[in-house]
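If you're wondering where the values come from, they're calculated on a predicted model, not measured in any experiment. When a ligand or atom number is given, it counts from 1 through the structure's own listing order.
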Amino acid sequence: MGDTPQTARLEIADQQEDLPFVGSTAGNSGVAVTSLLKDTGYVTVDPGFMNTASCSSDITFIDGDKGILRYRGYPIEQLAEHSSYLEVAYLLIHGHLPTAAEFDAFSSRISRHMLLQEDFRGLLAQMPRSAHPMAVLGAAIQTMTAFYPESIDPMNPAAVELAAGLLLAKMPTIISAIYRRASGYAMLYPKKGEGYIENFARMTFARPGEDPDLPPALIKAIDTLLILHADHEQNCSTSTVRIVGSAHANLYASIAAGVAALSGPLHGGANEAVLNMLAEIRDSGRDVKTFMKRVKNKEPGVRLMGFGHRVYKNYDPRAAIVKAHAHELLDALGVKDELLDIAMEVEGIALADDYFISRKLYPNVDFYTGIIYRAMGFPSSMFTPMFAFGRLPGWIAQWREMMADPQTKIARPRQIYVGPTARDYVPIEDR
Ligand code: CMC
């Protein structure tokens with residue numbers, strides 16, 4: 001790319017505007033356009049923010065061409081192999097890997113808060129069993145504003161610290177409660193002294209009258225999937241969290257908005273959509289080729305779900321890790337899943353097909369995660385809540401960074417107006 005200039009010169013009609021350059025430590029640098037409207041009367045236009053950096057951030061780095069993902073500088077592959085979800089949460093939120101003492105204090109504080117008050121549980125119990133778990137999850141997180149008013153002041157660092165801890169602590173309990181209610185089982189309580197992921201897995205999978213069977217491979221797989229989802233810089237839900245927070249809405253409200261954004265099938269909802277797509281292919285007599293033709297013909301509503309990414313124009317490094325673990329985990333759990341075979345067949349065809357090659361469409365994180373969650377026993381409607389569980393520390397870290405950044409202003413894009421120009425009101429009888 002050559003040396004980065006200190007300013008970029010823009011010529012509009014007969015005006016020249018020098019735009020300051022914004023440096024980076026890795027990846028693309030930027031050109032600041034904040035003063036453009038004031039100086040020239042023009043705004044920049046960038047639907048979907050394809051070319052717009054909304055902030056500077058030192059949390060997560062992605063190189064989409066090379067397939068690199070790092071949290072606070074640490075490669076995702078190393079974190080997935082050696083770290084734990086709670087340690088990654090600490091890393092994302094506080095910016096450094098914790099010492100043993102810091103980690104003990106952090107994790108024991110979270111363990112202490114995992115219990116949900118009875119009234120909160122009662123509220124979850126009032127939700128229709130048939131409700132989509134993402135609808136209940138969003139409502140539950142928003143409801144935390146009502147239950148923990150001492151933690152809602154976004155300008156009070158101690159309150160924010162408390163809210164972050166309460167969110168991390170209650171999330172597994174809320175998700176397992178949502179799952180159990182939808183499955184017709186009673187909600188369980190967290191156990192003192194049990195590990196964070198172990199507690200979650202037991203509260204989720206224990207069956208009445210049976211000792212829960214929680215093989216270490218299951219615990220490790222949950223932990224790894226949560227790490228892989230923990231942050232992904234300025235994606236749709238994270239940007240939503242930042243935008244809502246920029247109005248000084250509290251952390252719970254901001255994260256509830258992130259949950260809403262994540263529920264969309266083009267974002268976190270894709271893992272559920274992948275499974276539905278693979279099941280549709282299976283039910284059509286496993287006619288993968290016809291399905292691929294429909295994708296390439298761009299039939300309305302037909303996309304290869306779990307493929308493509310705004311940033312990755314190479315194999316999503318998270319998908320590579322999930323794929324590598326999928327067979328191993330299915331073997332450990334004694335599960336044989338035809339959908340995994342179909343997924344691999346679909347991937348094989350896509351990676352050799354010019355439609356996908358020319359558009360640089362590769363499997364993203366959602367392509368294989370659903371198969372793993374299904375092998376664990378989750379219904380597909382629970383896949384996106386598990387994504388939200390994973391993404392929580394990223395949302396918290398990004399919200400805190402946004403609040404601490406002196407450059408933050410309330411997010412308020414401009415528009416290009418293309419509607420009618422001024423006209424006079426017409427009384428109803430004259431229309
Ligand atoms: N299947 C078929 N064609 C695709 C796909 C796909 N999954 N994704 C992109 N394309 C085509 C698209 O039709 C377009 O073709 P053309 O140039 O002929 O018009 C080209 O590739 C560029 O696509 P785009 O929609 O402009 O790309 P985008 O950056 O706006 O969208 C995306 C990114 C992730 C929304 C999109 O790739 C997609 O819809 N993928 C399927 C949904 C999915 O798996 N989402 C999960 C994303 S990863 C996890 C997360 O962020 O939550």
Taking both backbone and side-chain atoms of Phe387, is any N or O found less than 3.5 Å from an N or O belonging to ligand 1?
no
Using a 4.0 Å cut-off to any heavy atom of Gly268, which atoms of ligand 1 qualify?
52 (O)
Among all protein heavy atoms in this structure, tell me which lies nearest to atom 34 (C) of ligand 1, with the distance rounded to 0.1 Å.
Gly308 O, 3.7 Å
Can you report which non-hydrogen protein atom sits closest to atom 1 (N) of ligand 1, along with the distance?
Leu304 N, 3.0 Å
Could you list the atoms of ligand 1 found under 4.0 angstrom from a heavy atom of Ala270?
43 (C), 44 (O), 45 (N), 46 (C)
Evaluate the criterion ring-ring contact (aromatic ring centres under 6.0 Å, His included) for residue pair Tyr368 and His325; output intermediate values, then yes/no.
CA-CA 10 Å; Tyr368 287 106; His325 282 78; over 10 Å; no
Protein contact of atom 5 (C) of ligand 1 - nearest heavy atom, named by residue and atom, plus distance:
Leu361 CD1, 3.9 Å
Taking Tyr196 as the fixed residue, which of Pro172, Ser111, Ser107 is the one that meets the side chain to side chain contact (heavy atoms under 4.5 Å, CB included) rule?
Pro172
Does a side chain donor of either Asp46 or Thr52 reach within less than 3.5 Å of an acceptor in the other side chain?
yes
Any N or O of Phe307 that comes nearer than 3.5 Å to an N or O of ligand 1?
yes
Find out whether Ile76 and Arg70 are in side-chain contact, i.e. whether some heavy atom of one side chain is under 4.5 Å from a heavy atom of the other.
no
Under a plain distance cut-off of 3.5 Å, with no hydrogens placed, do Gln234 and Thr238 share a side-chain donor-acceptor pair?
no
Numbered atoms of ligand 1 (with element) below 4.0 Å of Tyr355, judged on heavy atoms
2 (C), 3 (N), 4 (C), 11 (C), 13 (O)
Identity of the nearest option to atom 51 (O) of ligand 1, non-hydrogen atoms only, from His267, Lys360, His229, Arg310:
His267
Hey, are the side chains of Phe367 and Tyr362 touching, using non-hydrogen atoms and a 4.5 Å cut-off?
no
What protein heavy atom sits nearest atom 38 (C) of ligand 1, and how far off is it?
Arg303 NH1, 3.1 Å
Distance filter under 4.0 Å to Gly306 heavy atoms, resulting ligand 1 atoms:
43 (C), 44 (O)
If I apply the N/O under 3.5 Å rule, does Val295 come out as touching ligand 1?
no
Is atom 26 (O) of ligand 1 close to the protein, meaning a heavy atom under 4.0 Å from it?
no
So, Ser84 versus Asp223: side-chain donor-acceptor pair below 3.5 Å or not?
no
Protein contact of atom 47 (C) of ligand 1 - nearest heavy atom, named by residue and atom, plus distance
Asn364 ND2, 3.6 Å
With a 4.5 Å limit on heavy-atom distance, are the side chains of Glu87 and Phe103 in contact?
yes
Considering only protein heavy atoms, which is closest to atom 45 (N) of ligand 1, and at what distance to one decimal place?
Leu266 O, 3.1 Å
Please report which non-hydrogen protein atom sits nearest to atom 15 (O) of ligand 1, along with the residue it belongs to and the distance in Å to one decimal place.
Arg359 NE, 3.1 Å
Heavy atom of protein closer than 4.0 angstrom to atom 11 (C) of ligand 1:
yes
Cation-pi check for Phe61 against Arg72: NZ or CZ below 6.0 Å from the six-membered ring centre and within 45 degrees of the axis, yes or no?
no
When you check the side-chain N and O atoms of Ser57 and Glu401, is any donor under 3.5 Å from an acceptor?
yes
Give the atom numbers and elements of ligand 1 that come within less than 4.0 Å of a heavy atom of Lys298.
13 (O), 15 (O), 16 (P), 18 (O), 19 (O)
Could you check whether any side-chain N or O of Arg303 sits under 3.5 Å from a backbone N or O of Val295, counting only pairs where one atom can act as donor and the other as acceptor?
no
Pick one: which of Arg242, His232, Arg391, Glu233 meets side-chain hydrogen bond (donor to acceptor under 3.5 Å, both in side chains) with Gln398?
Arg242
Top protein contact for atom 49 (C) of ligand 1, by heavy-atom distance:
Asp366 OD2, 3.2 Å
